[in-house]
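Taking it in order: structure first as structure tokens, then the write-up.
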Amino acid sequence: MAAAALKLTAQQWDELDAVRFSTTDKVVFRNATIILMSHVAVGRTKASIAHDLGCSVGTVDFVRGRYRREGITGLHAKKPTGRPSRATADYRTALHAALTTSPLALGYGFSVWSVARLNAHLKKTTGISFSEDQLSRLLHAEGYSYQRPKHTMKGKRDEAAYIKAAAALERLKKKPCGPTPVSS
């Protein structure tokens, strides 16, 4: 069955051609080509257009219908709707507040956030919990980066005793060890 040809004006043709050659999105390019082929292809079937472009007949129908209803904007793919994120605006606010506050100031016994610790804190304060992978993706989406913390004793040791022990160690290193055995 031949597709009902789309009648395009010269201005519509030029707009479609401009969109087709200025886009880097392969879906927009394909959709504009479907419309142009539908105009030129008098007597051509939807199946032949679909075959030439490597898509289904349903795609040809869908694109043509959207172009009739929405014009050029109908050529662009729309983000599919889905379930809203559990990371609400309040959760994101709590996330930013936690990351800009030292865990020590919040009463924790550590000074660096890990993803697991941050997740536990946010669950306690907001009631919302994510897997560590999902929280990592959320941190990245919010512009934060994280690394594994380096665990050192800096700040936890007695600095005066450390300096005294280091000096004693240096004195021991400089002393001779006694006679060197002679090999025969």
Side-chain angles (χ1 to χ4, degrees), residues 15 17-33 53-56 59 62-63 66 70 72-184:
E15 284 177 347
D17 220 22
V19 165
R20 191 166 67 125
F21 289 112
S22 66
T23 188
T24 57
D25 185 350
K26 64 183 178 183
V27 173
V28 174
F29 181 86
R30 182 206 60 204
N31 292 348
T33 306
L53 296 177
C55 62
S56 69
T59 300
F62 179 76
V63 170
R66 273 202 24 204
E70 301 173 30
I72 291 286
T73 58
L75 300 177
H76 298 276
K78 293 188 173 125
K79 183 177 180 191
T81 58
R83 184 176 81 176
S85 174
R86 290 185 307 130
T88 61
D90 291 338
Y91 182 87
R92 291 173 190 265
T93 301
L95 174 69
H96 291 291
L99 290 172
T100 56
T101 306
S102 169
L104 294 171
L106 296 173
Y108 293 108
F110 50 87
S111 60
V112 177
W113 288 114
S114 69
V115 175
R117 290 171 174 170
L118 181 62
N119 198 21
H121 170 73
L122 291 170
K123 182 177 183 180
K124 187 170 81 174
T125 58
T126 66
I128 300 171
S129 177
F130 290 101
S131 69
E132 289 184 25
D133 287 339
Q134 184 62 26
L135 183 56
S136 298
R137 287 188 288 273
L138 184 59
L139 286 167
H140 181 73
E142 291 294 317
Y144 291 99
S145 67
Y146 67 95
Q147 294 112 16
R148 288 181 171 261
K150 283 186 179 178
H151 297 288
T152 65
M153 295 302 291
K154 188 172 184 178
K156 296 188 184 265
R157 64 185 175 205
D158 180 0
E159 290 299 320
Y162 174 78
I163 292 169
K164 185 177 175 183
L169 182 61
E170 283 300 313
R171 281 192 309 274
L172 289 173
K173 285 182 184 177
K174 292 180 181 178
K175 281 188 178 180
C177 297
T180 309
V182 179
S183 58
S184 37

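Nothing here was measured: the structure is a model prediction, and the numbers come from that model.
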For this session: May I ask you to check if Arg117 and Tyr108 form a cation-pi contact, with NZ or CZ under 6.0 angstrom from the six-membered ring centre and within 45° of the axis?
Result: no
Problem set entry | Thr23 side-chain N/O to Arg20 backbone N/O, donor-acceptor pair under 3.5 Å | no
Problem set entry | Over 12 non-hydrogen atoms of neighbours within 6.0 angstrom of NZ in Lys26 | no
Exercise. Roughly how far, to the nearest 0.5 Å, is CG of Leu104 from CG of Leu106?
Worked result: 9.0 Å
Per-pair distances, 0.1 Å, donor-acceptor, side chain in residues 127-135, under 3.5 Å, sequence neighbours excluded:
residue, atom, partner, partner atom, Å
Ser131, OG, Gln134, N, 3.1
Gln134, OE1, Arg137, NE, 3.2
Gln134, OE1, Arg137, NH2, 2.8

Problem set entry | Non-hydrogen side-chain atoms of Arg30 and Thr59 separated by less than 4.5 Å | yes
Problem set entry | Pairwise distance CG(Leu138) to OH(Tyr144) - rounded to 0.5 angstrom | 10.5 Å
Problem set entry | Nearest heavy-atom neighbours spanning Ser111 and Pro103 | O-CD, 3.6 Å
Exercise. Is the closest side-chain heavy-atom distance between Leu139 and Trp113 below 4.5 Å?
Worked result: no
Seminar exercise, completed: Hits for side-chain hydrogen bond (donor to acceptor under 3.5 Å, both in side chains) against Glu142, two or more places apart or cross-chain, chain-then-number order -> Arg92, His96
Exercise. Which residue, Asp90, Thr125, Thr126, Leu122, forms the side-chain contact (heavy atoms from CB on, under 4.5 Å) with Leu95?
Worked result: Leu122
